[in-house]
Asker: 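Before I ask anything, here is the structure I am working with.
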Number of protein chains: 4
Amino acid sequence: MNVHSINKSKDMPRTREQFDEIRAKSRETIMQSALELFARRGYHGASVSMIAKNAGVSTGLMYNYFKSKTDLLEAIVKHGVMTIGEYMGDIESIEDPQERIAEMVEKTFQIALEDMPFWSLYFNVMMQPDLPEGAQRSFSEFIQSMFTGLEMMFAEAGMPDPEAEAKIFGAILDGVLLHYMFIGKDYPLENVKKLIIEKYSDRQSPK
Amino acid sequence: MNVHSINKSKDMPRTREQFDEIRAKSRETIMQSALELFARRGYHGASVSMIAKNAGVSTGLMYNYFKSKTDLLEAIVKHGVMTIGEYMGDIESIEDPQERIAEMVEKTFQIALEDMPFWSLYFNVMMQPDLPEGAQRSFSEFIQSMFTGLEMMFAEAGMPDPEAEAKIFGAILDGVLLHYMFIGKDYPLENVKKLIIEKYSDRQSPK
Amino acid sequence: MNVHSINKSKDMPRTREQFDEIRAKSRETIMQSALELFARRGYHGASVSMIAKNAGVSTGLMYNYFKSKTDLLEAIVKHGVMTIGEYMGDIESIEDPQERIAEMVEKTFQIALEDMPFWSLYFNVMMQPDLPEGAQRSFSEFIQSMFTGLEMMFAEAGMPDPEAEAKIFGAILDGVLLHYMFIGKDYPLENVKKLIIEKYSDRQSPK
Amino acid sequence: MNVHSINKSKDMPRTREQFDEIRAKSRETIMQSALELFARRGYHGASVSMIAKNAGVSTGLMYNYFKSKTDLLEAIVKHGVMTIGEYMGDIESIEDPQERIAEMVEKTFQIALEDMPFWSLYFNVMMQPDLPEGAQRSFSEFIQSMFTGLEMMFAEAGMPDPEAEAKIFGAILDGVLLHYMFIGKDYPLENVKKLIIEKYSDRQSPK
DNA sequence: TATGAATGAGCCTTCATTCAT
DNA sequence: CATGAATGAAGGCTCATTCAT
């Protein structure tokens with residue numbers, strides 16, 4: 001409440017701004033809770049009522065913010081993909097190809113570790129055909145755009161088959177993450193990361 | 001009809017062997033049907049009655065062969081893992097490390113293409129935490145054993161960090177497959193395969 | 001603005017009359033909106049929030065004027081029944097029995113055409129046992145009083161069985177309306193009206 | 001079980017015929033129960049679980065026989081309309097117009113009294129716009145065909161405006177039924193019936 | 001007086017599983 | 001060994017109603 005607040009009277013309706021704020025916060029809370037549970041228990045394993053309880057709200061409230069459970073998932077996916085896109089945008093501006101690759105590896109794992117639930121969801125959605133198409137499309141577009149970026153990078157670096165090169169690089173990142181998430185703390189993530197960077201730093205590419 | 005089915009006479013009750021044969025065939029049919037549907041629609045998206053209908057049997061019969069849907073999944077996974085283990089066993093007997101790696105890449109993709117439903121299930125189960133633990137354990141053991149084998153291979157080849165090396169090689173295989181299954185026919189699988197083999201054939205390893 | 005809204009001064013608090021006026025108007029608006037929707041979508045098919053939105057007010061406000069959805073329905077029904085009662089009162093004062101019947105037929109259809117939503121609600125409520133008892137009681141009393149009036153009319157006209165005669169006349173009116181509302185524009189309402197009047201005008205009654 | 005029964009063994013599956021019989025009986029039971037409750041409490045007021053409990057079966061069983069609650073309603077309506085159609089077919093074969101009308105009145109009320117729940121449903125569905133379209137269409141077709149039949153009858157009897165005449169006759173029947181169902185035992189149904197027949201028996205039509 | 005976010009009971013529906021035959 | 005009718009718990013979703021502002 002600041003001095004501009006013109007709405008102090010006890011029985012006046014809240015202002016538009018107040019409502020917007022409340023809405024934004026509730027939406028956020030619900031999405032957060034849902035992401036957590038989708039990651040931990042899978043889309044089907046996380047019921048709407050569980051999500052609500054976990055978020056500390058009533059079951060019905062979700063439907064005030066999302067048309068359906070499907071819609072909730074899609075919102076989460078879209079939001080996540082957008083966030084990552086922003087991260088990645090920063091990396092693409094790095095001039096030196098060598099450094100750019102190294103930074104990409106670093107950043108990818110850093111993001112992944114910071115936002116494991118989202119990546120869990122990523123693999124979850126990718127591999128489950130009975131999940132909302134919208135969510136899959138978002139990821140599909142994300143992957144395509146990643147590959148396009150990588151391809152340009154490898155082309156720029158003068159690789160003979162930049163497309164295949166991009167696919168392999170992408171496979172390493174996703175593959176490592178996948179195994180890491182499945183295996184857990186026993187996975188030697190640091191060493192693997194180091195080795196990847198090393199492989200991609202000698203001259204232009206692994207030979 | 002194999003040698004075990006020596007039919008005594010038309011009016012004799014079925015022999016133990018005949019029963020066993022019928023059982024084995026029914027089990028097989030059901031597992032086949034389930035694998036198909038699990039792959040196409042996901043574990044939750046494939047109902048028991050769908051599986052039964054697809055297999056041409058009654059719902060009840062399934063419970064004659066499998067304690068539960070969970071049990072059915074576990075049986076499929078175990079069987080699949082075993083089959084692959086046999087394939088891989090053959091490869092490990094190849095003397096020349098170079099050739100062994102090339103063969104491993106070749107074989108992996110060949111198997112994958114021949115048995116897409118199973119690999120679809122593989123990723124499906126790996127990334128869905130609300131699936132029967134037993135199935136996940138089977139895959140977990142499979143992965144561990146794969147990594148152990150790869151590690152030995154790279155150690156033998158004199159790599160400085162065989163563990164990380166194995167992880168990366170495994171990541172490439174799984175990553176490529178994952179992307180291939182998600183993206184579909186637009187994926188340049190042949191070129192990627194060639195590049196992988198190339199990378200791993202020069203001297204002992206990519207540098 | 002009618003004579004009641006004599007505004008004292010711009011800065012004076014609103015007078016009691018002004019408040020009452022606002023209340024009356026809001027009540028009216030909400031009832032109007034609800035009647036429309038009840039008619040178009042049925043009692044259960046029209047949600048409170050739909051009604052509020054359609055009336056241009058908030059959900060909460062409705063509960064300021066009506067204790068519940070049930071209460072709202074009852075208010076609408078009571079109001080409608082009262083209005084019709086007034087119309088009908090005028091007719092009863094017509095001296096000539098012949099003319100009175102003709103006028104009754106004319107008026108009934110005229111009112112019905114002018115206020116279709118209300119008559120839709122009328123039939124709706126009559127035939128839906130799970131609707132608020134209060135609403136049904138209002139209609140019940142209305143029907144009883146209609147029948148009483150008709151009975152007196154036919155008795156006065158010297159019919160042998162005025163009660164049955166009243167029931168049949170009432171049945172014709174309600175039956176025609178019911179069919180008209182269900183069938184819509186294909187219904188030959190004018191011809192039917194003419195024939196009814198004709199039947200009831202020759203001598204005292206149809207024979 | 002008769003002598004033809006070839007299926008006495010304890011653990012043989014039921015024959016096709018046995019299953020058909022079971023199915024037919026369950027379907028019937030559920031439809032009966034639903035009709036009762038739809039009539040007594042309205043479509044919305046009768047929940048699927050209530051219907052199931054009333055039928056003495058589990059909630060889920062309904063979905064073994066009907067795609068949805070909507071589908072159940074439509075099945076009931078179609079079945080009812082067909083049954084009435086058969087009744088009415090008999091009447092249309094009566095030669096003498098006078099007698100035919102009398103019989104039609106008699107029969108209509110007889111059927112109605114014998115099958116009140118269905119007629120309750122009839123009015124219920126007719127006047128509730130938020131009910132499955134399929135059910136309404138069935139009734140719509142039924143009404144149309146009734147009117148067509150009546151029109152032919154009145155045309156044959158040489159009435160000047162058979163269409164309007166049919167509408168009025170139909171209105172009387174539906175109107176009386178409607179009021180009878182709403183008012184209950186206080187309604188002088190017998191006298192009304194007598195008067196209707198009387199009105200329509202003098203010469204060809206009421207005058 | 002007016003707002004709309006929040007609640008939670010209750011509804012329709014699905015589906016793994018059981019069981020009489 | 002084989003059938004499919006029957007069960008009932010659980011899930012997604014709607015909506016009348018309340019309440020803080």
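Letters A, B, ... mirror the listed sequences (proteins, then strands); counts begin at 1.
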Asker: Could you tell me how far apart A:L73 (CG) and F:dC13 (C1') are, to the nearest whole angstrom?
Answerer: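 Interatomic distance, CG of A:L73 to C1' of F:dC13: 17 Å.
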
Asker: Can you find a heavy atom in the side chain of C:P129 that is under 4.5 Å from one in the side chain of D:N124?
Answerer: yes

Asker: Which residues, if any, of residues 56-70 of chain D bring a heavy atom under 4.0 Å of DNA chain F?
Answerer: D:V57, D:S58, D:G60, D:L61, D:N64, D:Y65

Asker: Got C:I76 and C:F38 here, is their nearest side-chain heavy-atom distance under 4.5 Å?
Answerer: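 The answer is yes; the side chains approach within 4.5 Å.
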
Asker: With sequence neighbours excluded, what pairs up with C:D20 under the salt bridge (Lys or Arg N to Asp or Glu O under 4.0 Å) test?
Answerer: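 Listed in chain order: C:R16.
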
Asker: May I have the distance from D:R14 (atom CZ) to F:dA6 (atom P), rounded to whole angstrom?
Answerer: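 Those two atoms, CZ and P, are 8 Å apart.
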
Asker: Going by number, which of residues 43-51 of chain D have a non-hydrogen atom under 4.0 Å from DNA chain F?
Answerer: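 Residues of residues 43-51 of chain D under 4.0 Å from DNA chain F: none.
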
Asker: Is the shortest side-chain heavy-atom distance between A:I51 and A:M62 below 4.5 Å?
Answerer: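 Result no, sub-4.5 Å side-chain heavy-atom pair not found.
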
Asker: Can you sort out the partners of B:P132 under side-chain contact (heavy atoms from CB on, under 4.5 Å), two or more places apart, ordered by chain and number?
Answerer: B:Y43, B:T70, B:L73, B:E74

Asker: Residues two or more places apart in sequence or in another chain: which of them pass side-chain contact (heavy atoms from CB on, under 4.5 Å) with C:S138?
Answerer: C:V77, C:K78

Asker: Quickly work out the B:D130 CG to E:dC15 P distance and round it to whole Å.
Answerer: 15 Å

Asker: Roughly, in whole Å, what's the span from CD in A:E21 to P in E:dA6?
Answerer: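 In whole Å, E:dA6 P lies 12 Å from A:E21 CD.
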
Asker: Return the residues of residues 31-41 of chain B meeting this criterion: a heavy atom under 4.0 Å from some atom of DNA chain E. Order them by number, or give none.
Answerer: none

Asker: What is the distance, rounded to the nearest whole Å, between atom CD of D:E17 and atom C1' of E:dT21?
Answerer: 14 Å

Asker: Give DNA chain F the dot-bracket treatment, 5' to 3': Watson-Crick (N1-N3 with N6-O4 or O6-N4) or G-U (N1-O2, O6-N3) under 3.5 Å, [ ] crossing, | other strand.
Answerer: .||||||||||||||||||||

Asker: Measure from CG on C:D71 to P on F:dA16 and round the result to the nearest Å.
Answerer: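 Answer to the nearest Å: 14 Å.
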
Asker: Among all residues two or more places apart in sequence or in another chain, which pass the salt bridge (Lys or Arg N to Asp or Glu O under 4.0 Å) test with A:D130?
Answerer: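 Residues passing salt bridge (Lys or Arg N to Asp or Glu O under 4.0 Å) with A:D130: none at all.
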
Asker: Any chance you could measure C:L61, atom CG, to C:Y65, atom OH, to the nearest 0.5 Å?
Answerer: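 It comes to 5.0 Å.
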
Asker: If every non-hydrogen atom of B:Q136 is compared with every non-hydrogen atom of B:Q128, which pair is closest and at what distance?
Answerer: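 What the structure gives for the nearest pair is NE2-O, 2.9 Å.
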
Asker: Over how many whole Å does the gap from A:Q18 atom CD to E:dT3 atom C1' extend?
Answerer: 11 Å

Asker: What's the CD1-P distance between B:I30 and E:dA16, to the nearest Å?
Answerer: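 Whole-Å distance recorded here is 14 Å.
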
Asker: Using a cut-off of less than 4.0 Å, is there contact between a side-chain N or O of A:R23 and OP1 or OP2 of E:dG4?
Answerer: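 For A:R23, the contact criterion (side-chain N or O under 4.0 Å from OP1 or OP2 of E:dG4) is not met.
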
Asker: Which residues satisfy the side-chain contact (heavy atoms from CB on, under 4.5 Å) test with A:Y63, sequence neighbours excluded?
Answerer: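 Here the qualifying residues are A:V48.
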
Asker: Closest approach of D:L131 and D:V125, non-hydrogen atoms and distance?
Answerer: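 What the structure gives for the nearest pair is CD2-CA, 3.8 Å.
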
Asker: Taking only residues two or more places apart in sequence or in another chain, which ones pass ring-ring contact (aromatic ring centres under 6.0 Å, His included) with C:F139?
Answerer: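 If we apply the ring-ring contact (aromatic ring centres under 6.0 Å, His included) test to C:F139, skipping adjacent residues, the hits are C:F118, C:Y122.
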
Asker: In chain order, what residues pass the side-chain contact (heavy atoms from CB on, under 4.5 Å) check against A:A75, with sequence neighbours excluded?
Answerer: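 Partners of A:A75 by the side-chain contact (heavy atoms from CB on, under 4.5 Å) criterion, ordered by chain and then number, come out as A:R27, A:M31, A:F66.
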
Asker: Where each residue is assigned the nucleotide of DNA chain E containing its nearest heavy atom, which of A:D20 and C:S26 is assigned the position nearer the 5′ end?
Answerer: C:S26

Asker: If you look only at pairs with a residue in residues 28-42 of chain D, which of them pass as a side chain to side chain donor-acceptor pair (under 3.5 Å), with sequence neighbours excluded?
Answerer: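 Of all non-adjacent pairs touching residues 28-42 of chain D, those that pass side chain to side chain donor-acceptor pair (under 3.5 Å) are D:S33-D:N54.
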
